[in-house]
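Atoms within each ligand, like the ligands themselves, are counted from 1 in listed order. Any value given below was found using the heavy atoms of this structure, including those in side chains, with hydrogens, waters and symmetry copies removed.
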Amino acid sequence: MAVGGGISAGNGKQYEGRVTPFVVVACLVAATGGLIFGYDIGISGGVTSMDEFLEKFFPAVYAKQKNATGHESQYCKFENHMLTLFTSSLYLAALIASFFASATTRKFGRKISMTIGGVVFLIGAILNGAAINVAMLIIGRILLGVGIGYANQSVPVYLSEMAPPKLRGALNIGFQMATTIGIFAANLVNYGTAQMKENGWRVSLALAAAPALIMTIGAIFLPDTPNSLIERGLKDQAKEMLQKIRGTTNVHDEFSDLVDASAVSQQVRHPWKTILEPKYRPQLVITCLIPLFQQLTGINVIMFYAPVLFKTLGFADDASLMSAVVTGLVNVFATVVSILVVDRFGRRVLFLEGGIQMLACQIGVGVLIASVFGVSGNGTFSKGLGNLALALICIYVAAFAWSWGPLGWLVPSEIHPMEIRSAGQSINVSVNMFFTFVIGQLFLSMLCHMKFGLFFFFGGWVLLMTAFVYFFVPETRNVPIEEMNRVWKVHWFWGKYIPDDAVGLSHKSSDHDA
Ligand code: BGC
């Protein structure tokens with residue numbers, strides 16, 4: 001793969017060891033961190049489409065929506081900045097929290113960050129469930145955001161460090177899998193609570209405490225990663241842990257690479273300044289662009305606002321929530337595809353195929369909406385066309401779910417050397433959260449102003465990001481995490497940034513095969 005510049009598994013180093021039940025269980029438990037993230041993504045769209053919730057907290061939107069059937073454009077009936085702030089405030093909080101989480105994760109370990117994330121999220125959920133005014137709602141959401149900032153900063157790194165290289169993709173995608181299960185659970189809860197006469201929204205919001213409890217209790221019992229133990233000077237414990245997770249006493253090679261990587265890492269006092277050095281340029285650029293692109297696929301238009309979108313398309317209240325359940329289910333199952341193939345066929349194939357599939361669907365939905373609503377926004381979808389739109393949206397969600405969804409978290413968590421890993425992951429989380437915020441905040445206005453063009457807008461971005469992957473994202477499948485520099489070194493574009501002595505952090509000349 002000349003353009004991708006990947007190195008094959010054969011070139012990469014293979015360490016001794018097998019996949020132990022211990023490491024699988026630890027990764028499954030850690031991955032539950034994705035549940036809180038997912039529950040949250042899935043719950044707000046449904047809640048903001050519930051009449052009782054709107055009437056209580058956003059009466060203006062409620063009135064506007066009820067009157068929208070006349071001359072008011074379908075495209076604009078939900079536009080309201082306070083309402084979108086309810087959804088998106090969380091992501092601003094997560095963005096800021098991820099920077100604090102970086103220091104915590106580096107100094108005190110991955111496990112502590114996960115525990116903090118779970119506890120703060122729990123408090124947020126309680127506040128939301130008990131909300132009697134908009135302030136309580138927003139403060140609750142900010143706390144949920146802090147929890148997510150901590151969890152998303154630490155869980156992907158934890159998974160990538162615990163996993164043996166051969167299975168790193170699959171185990172890391174456990175995070176995304178839990179995210180999609182969280183979204184789906186939230187869709188189902190919304191469907192159920194929307195049938196309640198009163199306080200359905202309250203139950204929806206309060207139930208966020210359930211995934212938070214699962215994650216917090218899980219995190220308390222988790223062991224820390226060998227990488228993090230070494231980073232904190234606990235070498236003996238680290239070796240024992242490595243032996244335990246790899247199921248062999250012969251972990252000498254991997255252990256000494258981890259120690260070497262950590263020695264380089266210890267010399268770095270200011271990871272934030274270090275990551276700006278030219279030799280980290282490939283990681284920095286990719287870590288900034290991948291989360292940006294992930295959000296510009298437009299996925300959260302569906303995840304946050306599916307019920308609203310389907311209502312806009314003329315589905316009845318119930319059918320709208322049901323359609324969100326359907327897209328949620330597709331999201332879960334398609335993620336499994338990714339788990340099965342990511343370590344076999346690699347990241348690039350998924351990125352490229354997923355991109356093309358998403359683009360085709362976006363064009364289809366754009367054309368469909370244009371043909372029914374036109375520019376004026378007046379019109380009604382027939383049942384058949386409504387179902388066609390739903391089908392296209394499902395195919396689009398499936399493509400995202402096996403490509404940019406999981407890979408958006410996997411790739412940035414596996415490309416950084418240890419000294420900048422926490423900082424790199426924080427950049428990943430914060431860029432992701434920032435653009436999640438932007439889309440969350442702007443989508444309803446964008447729909448109102450760009451109309452069907454919105455789908456072409458996201459389609460254009462998908463085209464661009466697919467080309468970017470083709471030329472600039474190398475294959476990282478099967479490459480040990482502390483050996484990643486080899487991948488950059490042989491890449492047609494990034495190679496020039498990597499000094500010779502950075503290849504094979506172990507500094508053992510025998511390791512140099514690039
Ligand atoms: C993204 C979220 C998105 C979710 C959908 C995640 O990878 O970061 O923004 O809502 O996937 O499954």
Side-chain angles (χ1 to χ4, degrees), residues 31 33-46 87-88 90-92 94-95 98 144-145 148-149 151-153 155-156 159 169 172-187 211 287-307 309 324-339 342 347 350-351 354-355 358 393-413 425-443 458 461-462 465:
L35 284 180
I36 61 171
F37 180 42
Y39 189 82
D40 215 279
I41 293 168
I43 209 72
S44 41
T87 298
S88 54
L90 181 153
Y91 299 94
L92 266 193
L95 185 171
S98 72
L144 298 180
I148 287 178
N152 287 23
Q153 204 278 340
V155 173
L159 295 171
N172 184 291
I173 294 177
F175 175 71
Q176 176 71 11
M177 188 75 225
T179 305
T180 61
I181 293 174
I183 297 176
F184 179 58
N187 295 153
T287 270
C288 289
L289 287 182
I290 287 206
L292 163 74
F293 285 152
Q294 191 206 47
Q295 290 308 314
L296 286 174
T297 58
I299 188 65
N300 282 325
V301 166
I302 310 295
M303 294 301 140
F304 291 159
Y305 297 114
L309 190 69
V325 172
V326 172
T327 51
L329 200 61
V330 169
N331 196 17
V332 173
F333 280 108
T335 306
V336 179
V337 173
S338 195
I339 292 183
V342 71
R347 286 66 166 145
L350 287 170
F351 266 134
M358 281 193 286
I393 290 174
C394 286
I395 300 171
Y396 159 86
V397 169
F400 175 87
W402 60 57
S403 63
W404 282 87
L407 301 178
W409 294 102
L410 167 64
V411 172
S413 80
Q425 182 63 6
S426 295
I427 295 179
N428 177 35
V429 176
S430 50
V431 174
N432 196 308
M433 295 300 132
F434 180 71
F435 286 98
T436 308
F437 167 78
V438 171
I439 305 270
Q441 190 61 26
L442 293 188
F443 165 65
F458 286 123
W461 281 107
V462 168
M465 66 187 80

Report task. Look only at the side chain of R347 and the backbone of V411, and say whether a donor-acceptor pair between them is shorter than 3.5 Å. Result -> no

Query raised in the report: Is the closest heavy-atom distance from G408 to ligand 1 below 4.0 Å?
Result: no

Query - F400 touching ligand 1 at heavy-atom level, < 4.0 angstrom - result: yes

Hey, which atoms in ligand 1 end up nearer than 4.0 Å to a heavy atom of [X]?
{"X": "Q294", "value": "1 (C), 6 (C), 7 (O), 8 (O)"}
{"X": "W409", "value": "1 (C), 6 (C), 7 (O), 8 (O)"}
{"X": "G405", "value": "7 (O)"}
{"X": "N331", "value": "5 (C), 12 (O)"}
{"X": "I183", "value": "5 (C), 12 (O)"}
{"X": "N432", "value": "8 (O)"}

Query raised in the report: Which residue owns the protein heavy atom closest to atom 11 (O) of ligand 1, what's the atom, and how far is it?
Result: Q176 NE2, 3.0 Å

**Report entry** Nearest-neighbour protein heavy atom for atom 10 (O) of ligand 1, which is reported as residue plus atom name and distance
**Finding:** N300 OD1, 2.5 Å

Query raised in the report: Rounded to the nearest 0.5 Å, how far does CG of N152 lie from OG of S426?
Result: 11.0 Å

